[in-house]
Amino acid sequence: MIAENISGLKQEIGQNVQLIVVSKYRTIEEITKAYAAGQRMFAENRVQALLERKEALPDDIVWHLIGHLQSNKVKYIAPFISCIQSIDSFELLTLVNQQAAKNGRTIDCLLQVHIAVEETKFGLSETECEALIAQAKGLLNVKIKGLMGMASNTENQEQVKKEFLSLQTLYSKLKEENNFDTLSMGMSGDYQLAIAFGSNMVRVGSKVFS
Ligand SMILES: *Cc1c(COP(=O)(O)O)cnc(C)c1O
């Protein structure tokens, strides 16, 4: 039951951790049930699906984007997106800044850091992350609020711990100087471990909708 899943999760993670419900691949009916249970923060990983859902669902939903964002699609989400968690290049951040300015907004962003051993095209290395922060100082219509990362999809807890620790360490290093307040880490399979490593925002899909 979706409502029970959400209230159980909220109780478990406590008030200091934000719950982002990942609604990707779910029906409008399912998402509406989560909304009726009081959930207001949702995340999608594809722009097209995000636009369709935003259109179909209530206006007070706070939308996050968690998937790779193509530069030609920034303009479609800039009018309303609350937080883009998947910033993985300075070029993308510059475009988001431009489109945010066009809409008279400041858009919250997280830098996606590549912590998993798995091969993926997306996410910054630690060095790239620090370089991007330095480059971004002049961008007035984006606010980098922190970091996002995804651990390897593995049963090997030691590996996952190692990856969460590396992101926690980077976050601690950058937090004060950059006024960060968000470490987005943890999904259905690993959110408890992520919280143990300092996460204050979890992105949970399957565990909510199962
Ligand atoms: C799909 C997805 C999630 C949620 O995954 P679940 O295992 O369903 O909780 C979280 N973060 C990102 C970036 C995702 O793509």
Side-chain angles (χ1 to χ4, degrees), residues 1-13 17-28 30-31 33-35 37 39-53 61-70 73 77 81-89 92 96 108-124 129 144-157 159-161 163-164 166-168 170-171 182-210:
M1 290 296 293
I2 292 168
E4 281 83 348
N5 291 346
I6 289 176
S7 64
L9 264 168
K10 280 194 168 158
Q11 220 161 28
E12 187 186 356
I13 68 179
V17 179
Q18 287 191 291
L19 172 65
I20 307 292
V21 167
V22 178
S23 51
K24 67 181 186 201
Y25 314 138
R26 306 297 163 181
T27 64
I28 296 294
E30 287 175 297
I31 305 169
K33 285 185 182 154
Y35 180 87
Q39 181 66 28
R40 291 295 179 271
M41 300 169 81
F42 291 88
E44 287 285 331
N45 66 338
R46 290 174 42 243
V47 168
Q48 189 53 44
L50 171 59
L51 296 173
E52 287 166 19
R53 277 120 196 261
I61 290 182
V62 170
W63 289 104
H64 286 214
L65 186 76
I66 55 172
H68 180 66
L69 176 56
Q70 289 173 285
K73 299 204 169 144
I77 61 169
I81 196 77
S82 185
C83 179
I84 300 173
Q85 298 204 9
S86 42
I87 297 294
D88 58 5
S89 74
L92 179 60
V96 172
D108 288 346
C109 292
L110 301 180
L111 304 181
Q112 182 174 353
V113 182
H114 185 233
I115 52 171
V117 285
E118 290 154 1
E119 280 292 323
T120 138
K121 286 177 289 186
F122 307 120
L124 302 154
C129 183
I144 303 176
K145 305 257 295 171
L147 307 178
M148 184 270 259
M150 235 183 309
S152 296
N153 182 13
T154 169
E155 296 290 303
N156 181 348
Q157 294 286 293
Q159 180 60 35
V160 175
K161 279 184 192 171
E163 294 169 4
F164 283 158
S166 73
L167 194 56
Q168 178 185 37
L170 182 64
Y171 179 74
T182 309
L183 178 55
S184 172
M185 163 166 112
M187 335 201 319
S188 293
D190 57 19
Y191 67 91
Q192 286 128 330
L193 199 54
I195 292 168
F197 282 90
S199 168
N200 60 15
M201 180 178 280
V202 294
R203 311 174 307 270
V204 183
S206 21
K207 201 178 157 100
V208 165
F209 293 103
S210 61

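Order of listing sets the numbers, starting from 1, for every ligand and every atom in it.
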Could you tell me if the side chain of Val47 sits less than 4.5 Å from the side chain of Gln70, heavy atoms only?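 The answer is no; the side chains never approach within 4.5 Å.
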Close side-chain approach of Ile84 and Ile77, heavy atoms under 4.5 Å: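 Counting from C-beta outward, Ile84 and Ile77 do come under 4.5 Å.
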Sequence neighbours left out, what pairs pass salt bridge (charged side-chain N to carboxylate O under 4.0 Å, His left out) with at least one residue falling in residues 185-210?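 Of all non-adjacent pairs touching residues 185-210, none passes salt bridge (charged side-chain N to carboxylate O under 4.0 Å, His left out).
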Every residue of the protein that comes under 4.0 Å of ligand 1, judged on heavy atoms: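 Contacts of ligand 1 under 4.0 Å: Val22, Lys24, Ile66, Met150, Met187, Ser188, Arg203, Val204, Gly205, Ser206.
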Set of residues satisfying salt bridge (charged side-chain N to carboxylate O under 4.0 Å, His left out) with respect to Arg46, sequence neighbours excluded: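 In terms of salt bridge (charged side-chain N to carboxylate O under 4.0 Å, His left out), with neighbours along the sequence ignored, Arg46 is linked to no residue.
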For a side chain to side chain contact (heavy atoms under 4.5 Å, CB included) check, start with the C-alpha distance between Ile115 and Leu170, then their side-chain angles and the critical distance, and finish with the verdict. CA-CA 11 Å; Ile115 52 171; Leu170 182 64; over 6 Å; no
For Glu163, check side chain to side chain donor-acceptor pair (under 3.5 Å) against everything at least two apart and list the hits.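 With neighbours one apart ignored, the set is Ser152, Gln159.
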